[in-house]
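Source: prediction; values computed, not measured.
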Amino acid sequence: VANVTVVFVDGAFVNTTLASNVTNYSDAAGVVDYIGAALSYSATTFTEGVANNGTVSTVLTVTMTGGTFSASSGALAGVTSSNTPAGLTLVATATSSTTATLALTGTATAHLTANDLATLNIAFADAAFTGVTAANTTNATRNDIFVAFADPTGSLFINYNTGTFTEAAANTGGITM
């Protein structure tokens, strides 16, 4: 809102009884700037899980101020992603009227470090909100979400089907199963 007029009246000042004795006691150039809705993200990186199999373990929490989501629990409509790694799907879930989680489900078909992505796009459309628009919501669209994959560590893992090892009868330190 522009051109808001503020006028101090007589008696508003301690050192003088007349407001007109104070320079700029009246001003018609005031502006009221309303704080719009905003989304804040708990993190900006989705990370491949320790199984190193293309699944993503990170869940981002999105908190809304100055507005509410269109759902307070369950699937949150109006949230999309683009440039998503093949095999992964963005799932948005409302956990309250002002918080939601974002998860990447599925299994990435290419998940080496060379496949890291710094430009996952996430967009909240008007359908995701109640009483506010996406255009007036800070961070309703992000194109800087990172997806981090891990290279195989080179370590070999052995799964044993028994919990007990018994030293061989020759008493040489070898084991039998």
Side-chain angles (χ1 to χ4, degrees), residues 1-2 4 30-165 177:
V1 179
V4 175
V31 175
V32 176
D33 191 8
Y34 294 98
I35 297 173
L39 299 179
S40 61
Y41 294 69
S42 62
T44 56
T45 301
F46 285 108
T47 305
E48 183 176 16
V50 294
N52 195 17
N53 62 2
T55 60
V56 174
S57 60
T58 309
V59 175
L60 306 184
T61 299
V62 180
T63 304
M64 182 168 204
T65 55
T68 57
F69 289 120
S70 59
S72 58
S73 65
L76 182 59
V79 183
T80 59
S81 67
S82 60
N83 202 28
T84 310
L88 297 176
T89 303
L90 181 73
V91 175
T93 305
T95 56
S96 78
S97 62
T98 57
T99 58
T101 59
L102 301 176
L104 289 175
T105 62
T107 303
T109 56
H111 58 95
L112 297 174
T113 301
N115 305 116
D116 285 358
L117 178 70
T119 57
L120 174 67
N121 302 307
I122 295 177
F124 286 76
D126 290 347
F129 306 120
T130 300
V132 297
T133 63
N136 292 325
T137 302
T138 302
N139 289 328
T141 300
R142 300 282 302 256
N143 63 359
D144 61 346
I145 303 298
F146 195 82
V147 181
F149 294 111
D151 282 336
T153 61
S155 300
L156 298 177
F157 295 94
I158 300 172
N159 289 327
Y160 295 99
N161 63 2
T162 181
T164 304
F165 296 100
M177 306 254 304

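Residues passing the side chain to side chain donor-acceptor pair (under 3.5 Å) test with D116: none are found, sequence neighbours excluded. Remark: S70 pairs with no residue by the side chain to side chain donor-acceptor pair (under 3.5 Å) rule, at least two apart or across chains. Partners of T119 according to the side-chain contact (heavy atoms from CB on, under 4.5 Å) rule, which considers only residues two or more places apart in sequence or in another chain, are N83, L117. In this structure, the side-chain contact (heavy atoms from CB on, under 4.5 Å) partners of A150, at least two apart in sequence or on a different chain, are E48, N52. T89 meets the side chain to side chain donor-acceptor pair (under 3.5 Å) test with no other residue; sequence neighbours excluded. Residues forming a side-chain contact (heavy atoms from CB on, under 4.5 Å) with T109 (at least two apart in sequence, or on another chain): A86. Checked against side chain to side chain donor-acceptor pair (under 3.5 Å), T99 has the following partners two or more places apart in sequence or in another chain: T95, S96.
Residues V62 and T101 are not in side-chain contact: their nearest non-hydrogen atoms beyond the backbone lie 4.5 Å or more apart. H111 has its side chain out of reach of T55: every pair of non-hydrogen atoms, C-beta onward, lies at least 4.5 Å apart. With contacts defined as side-chain heavy-atom distances shorter than 4.5 Å, the pair L112/F149 does not qualify.
Here the side chain of S81 pairs no donor or acceptor atom with the backbone of T84 at under 3.5 angstrom.
Between V59 and S42, the shortest heavy-atom contact is O-OG, 4.4 Å. For the pair A110 and N115, the tightest heavy-atom approach, listed with the atom from each and the gap, is C-OD1, 3.5 Å. The minimum heavy-atom distance linking L76 with A94 is given by the pair CB-N, 4.1 Å. Across every non-hydrogen atom of L104 and L88, the tightest pair is CD1-CD1, 4.1 Å. Closest approach of V147 and P85 over heavy atoms only: CG1-CG, 4.2 Å.
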When the side chains of residues 139-146 are checked against the rest of the protein, which donor-acceptor pairs come out under 3.5 Å, sequence neighbours left out?
from: N139; atom 1: ND2; to: L39; atom 2: O; distance (Å): 3.1
from: R142; atom 1: NE; to: D144; atom 2: OD1; distance (Å): 2.9
from: R142; atom 1: NH2; to: D144; atom 2: OD1; distance (Å): 3.2
from: R142; atom 1: NH2; to: D144; atom 2: OD2; distance (Å): 3.1

Give every donor-acceptor pair under 3.5 Å between a side-chain atom in residues 120-130 and any protein atom, sequence neighbours left out.
from: N121; atom 1: ND2; to: S82; atom 2: OG; distance (Å): 3.1
from: D126; atom 1: OD1; to: A134; atom 2: N; distance (Å): 2.7

Passes side-chain contact (heavy atoms from CB on, under 4.5 Å), L102 versus V79? Steps please.
CA-CA 9 Å; L102 301 176; V79 183; 4.1 Å; yes
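Pairs passing the side-chain hydrogen bond (donor to acceptor under 3.5 Å, both in side chains) check and including a residue from residues 56-66, sequence neighbours excluded, do not occur.
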